Amino acid sequence: KEIATYLEAENSKQKVQMSIHQFTNTCFKECIQSTNNTDLSSQEEQCLGNCVNRFLDTNIRIVKGLQSLQ
Amino acid sequence: KEIATYLEAENSKQKVQMSIHQFTNTCFKECIQSTNNTDLSSQEEQCLGNCVNRFLDTNIRIVKGLQSLQ
Amino acid sequence: KEIATYLEAENSKQKVQMSIHQFTNTCFKECIQSTNNTDLSSQEEQCLGNCVNRFLDTNIRIVKGLQSLQ
Amino acid sequence: QISQELAVANATELVNKVTENCFEKCLNSPYTDRNEPCVDQCLIKYMRSWNIVSKAYISRIQQASTSGEI
Amino acid sequence: QISQELAVANATELVNKVTENCFEKCLNSPYTDRNEPCVDQCLIKYMRSWNIVSKAYISRIQQASTSGEI
Amino acid sequence: QISQELAVANATELVNKVTENCFEKCLNSPYTDRNEPCVDQCLIKYMRSWNIVSKAYISRIQQASTSGEI
């Protein structure tokens, strides 16, 4: 029982980690303008945060939309 | 024996499903011009059907080509 | 013990194979200008070789960079 | 039980692909707007595309199976 | 032991994604130049982006969890 | 038996990658034409690229192994 709980917790943590990899990959491509410096501009930073939030909004809307289609 | 047959049938069904996901993904990107409406135009519809058929043609041609190279 | 050695050797061979698939996929897209002939031009050939080497340079530099960040 | 797991895998794949495609079609850097109407229309168009692709692929499989190709 | 395996999987995913993204941003066909300064800056920007994305995603999860959405 | 399974995995990966790349290089929306000559030439060029990439990668591995880097 304890092992099952432990495995499930590890599993969720890993899913979160993999989502962060996926979002960083997508949002870095779209939001980073230049690699001639090491600081994120305020536009880049804002774009990254928005990008994650809009992706999640879209994901939730799609799930709800699919449920309503059934 | 019966279980093996069942598993194999499930496995083929699943492969067909996954191919449909892959083709829809590729062909949607290439054929859908606008997301300002919900109806597929006749061009979009035709393009989707052609896209699947041309992808399969290409796949078959590549497999035969690789066999002839051996 | 022998089985473990055999499996490990197969595993490394397979990783090399899969990297070759990945590099060919990336470098073909970037280096091949035309599919109207069957011969690789000298530019295409050079580009393919450089592409693999620059990808590996980048990979090594990233690994070292991440280690130094820790 | 197995076919249930496969159904979950299929639903997950569908949600992921629709989210990716509709995010790409409807949202743009710097991602300030949610653009929900576009997402809703995109979902419907994606499902219609899925049906067209599905029919085209299955009719192609049946054709090949009738003609003895497979 | 399991969390160690997951840590390795995470590190591998990170190295792969940074390499792909920084190769794409810093190197161009015909790949004669290594462009190490760009790769170094890109790595730092990628890690900073990873942090922003991570914070945005986790705050979103916590928000949904507090409001009882999940 | 294991190396046979790996050979199948390799062949499948090759067929998939060639199909994707040659579909992308030779066929365009709305996909009315099959363009078989292009597909045939593309396959040959892909296999030649595979050889170049393979040699470049393996010589790089051997170099690193000789110099004691790995």
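Just so it is clear, the model here is predicted, and its values are computed rather than measured. First the proteins, then the strands, lettered A, B, ... as listed; each starts at 1.
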Exercise. Considering only heavy atoms, which portion of Leu48(C) lies under 4.5 Å from any heavy atom of chain E: side chain, backbone, both, or neither?
Worked result: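 For Leu48(C), neither part sits under 4.5 Å from chain E.
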
For this session: Sort Asp57(C) into side chain, backbone, both or neither according to what part of it lies under 4.5 angstrom from a heavy atom of chain E.
Result: side chain

Exercise. Okay, side chain of Thr19(E), backbone of Val15(E): is any donor-acceptor separation there less than 3.5 Å?
Worked result: yes

Exercise. What part of Asn35(E) is in contact with chain C, defined as an atom under 4.5 angstrom from a non-hydrogen atom: side chain, backbone, both or neither?
Worked result: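 Neither part, no heavy atoms under 4.5 Å.
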
For this session: Name the region of Glu36(E), side chain, backbone, both or neither, that has any atom closer than 4.5 Å to a heavy atom of chain C.
Result: both

Exercise. Hey, are the side chains of Leu14(E) and Tyr46(E) touching, using non-hydrogen atoms and a 4.5 Å cut-off?
Worked result: yes

For this session: Walk me through it: do Leu40(C) and Ile32(C) pass the test side chain to side chain contact (heavy atoms under 4.5 Å, CB included)?
Result: CA-CA 8 Å; Leu40(C) 295 169; Ile32(C) 301 307; 3.7 Å; yes

Exercise. So does Gln46(C) have more than 12 non-hydrogen atoms from other groups sitting under 6.0 Å from CD?
Worked result: no

Exercise. Who wins among Leu66(C), Thr26(C), Val63(C) for the most heavy-atom pairs under 4.5 Å with chain E?
Worked result: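 Going by pairs under 4.5 Å, I would pick Leu66(C).
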
Exercise. Can the SG atoms of Cys22(E) and Cys42(E) be said to lie under 2.5 Å from each other?
Worked result: yes

